[in-house]
There are 2 protein chains.
Amino acid sequence: MSRTPLHPTREQIELPMVLDCLSDPIRLAIVYQLAQQERVSSELCCGDFSGLGAKSNLAYHFAKLRECGLMQTRVAGTNRFMRLRREDLDARFPGLLDAVIKSAARDAGRLQVLSGCDVVKMD
Amino acid sequence: MSRTPLHPTREQIELPMVLDCLSDPIRLAIVYQLAQQERVSSELCCGDFSGLGAKSNLAYHFAKLRECGLMQTRVAGTNRFMRLRREDLDARFPGLLDAVIKSAARDAGRLQVLSGCDVVKMD
DNA sequence: CGCAATGTTCAATAGTTCTTGAACAAATTG
DNA sequence: CAATTTGTTCAAGAACTATTGAACATTGCG
């Protein structure tokens, strides 16, 4: 395993890449779960998403999420802890992440990959 | 040419499809131009986007935008007039369209397809 | 009616994305 | 050190996307 994976700088985060990343139901579910986790200010590791698919497929989606700047990975032992890059995203695209997460929360019932998540009422 | 093309109902509009639609730079530019046009409360027809690519490619992107519920097409003579489905989108995904358009406006310089558009300061 | 204007549809192609299982790498634990 | 745990990387395949030019359909106009 390599060291901490590469992440784009805040300024390198691009709108189309972020939107494309969020448009995949599995990645949207990952982001959604990370957003829920923000409330208790802790991180999640890869294994916490095992309900969303096979390990190798998740690793593929994690890489996409990192490359587009949506999340950050911190290596700790055999685990990788992940969190949303909330500050960078809010700085680059104000209101976007909140709107997406809120919309996903409202639509949790019809976004089948989200159905397994803890659904929390937003607002 | 057929009659007025099919559009999804408000409730049929899906978040992942909308995000995917917005993630293509050409479609983002189309949506952006339509958003600018909202200010003068008028519509645009297909030809107004000829700067963005070949006719047949634009027709492809227009179809995508219609199918995902982002825009509506009205047939009038040999023209099709298009507008954003602002009310439906705001009802389904509050704040999302504004956040995307505002972010696109800020990044107009680096979204090369937008460079040819009238860039207007938002806020 | 014949011709031009406006868009759509079709077929073909090149490139991309998602998914899977197997192999691999690094750290931890006995 | 050997075995386990945790994730990543690789190769391969199926499916989808974007793009192009040609053909087509509809309307408007001389």
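Here is the naming used below: chain letters follow the sequence lines, and residue numbers restart at 1 for every chain. Source: prediction; values computed, not measured.
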Length of the [atom1]-[atom2] vector between [X] and [N], whole Å:
X      : N       : atom1 : atom2 : value
M82(B) : dT8(C)  : CE    : C1'   : 13 Å
K55(B) : dT8(C)  : NZ    : P     : 9 Å
L19(A) : dT17(C) : CG    : C1'   : 17 Å
L22(A) : dC18(C) : CG    : P     : 12 Å
N57(A) : dA11(D) : CG    : C1'   : 15 Å
N79(B) : dT27(D) : CG    : P     : 12 Å
L65(B) : dG7(C)  : CG    : P     : 15 Å
L52(B) : dA18(D) : CG    : C1'   : 14 Å

Any [X] side-chain N or O less than 4.0 Å from OP1/OP2 of [N]:
X      : N       : result
R80(A) : dA26(C) : no
R66(A) : dT8(D)  : yes
H61(B) : dT19(D) : yes

How do A76(A) and G53(A) order along DNA chain C: which one's closest nucleotide is nearer the 5' end?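 Taking each residue's closest nucleotide, the earlier one in sequence belongs to G53(A).
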When we call it a touch if two heavy atoms are under 4.0 Å apart, what does L58(B) touch: a base, just sugar-phosphate, or nothing?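 The residue L58(B) makes no contact with any strand.
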Over all strands shown, is F62(B) touching base, sugar-phosphate only, or nothing at heavy-atom distances under 4.0 angstrom?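 Counting heavy atoms under 4.0 Å across all strands, the contact made by F62(B) is with sugar-phosphate only.
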Minimum-distance nucleotide to [X] side chain [options: [options]]:
X      : options                   : result
T78(A) : dT9(D), dA18(D), dT6(D)   : dT6(D)
Y60(B) : dT28(C), dC18(C), dT17(D) : dT17(D)
S56(B) : dA18(D), dT20(C), dA22(D) : dA22(D)

Overall bend - the helix from dC1(C)-dG30(D) to dG30(C)-dC1(D), comparing terminal axes fitted on five pairs, nearest 10 degrees: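 Between the first-five-pair axis and the last-five-pair axis there is 10°.
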Do [X] side-chain atoms and [Y] backbone N/O form a donor-acceptor pair below 3.5 Å?
X       : Y       : answer
R10(B)  : R92(B)  : no
D107(B) : R110(B) : no
Q12(B)  : T9(B)   : yes
N79(A)  : F81(A)  : no
R83(B)  : E43(B)  : no

Is there a side-chain hydrogen bond (donor to acceptor under 3.5 Å, both in side chains) between R66(B) and T73(B)? Walk through the geometry before answering. CA-CA 7 Å; R66(B) 278 191 300 260; T73(B) 302; 3.1 Å; yes
Could you tell me the separation between the CD atom of Q72(B) and the CG atom of D88(B), rounded to the nearest 0.5 Å?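 Between Q72(B) CD and D88(B) CG, I get 7.5 Å after rounding to 0.5 Å.
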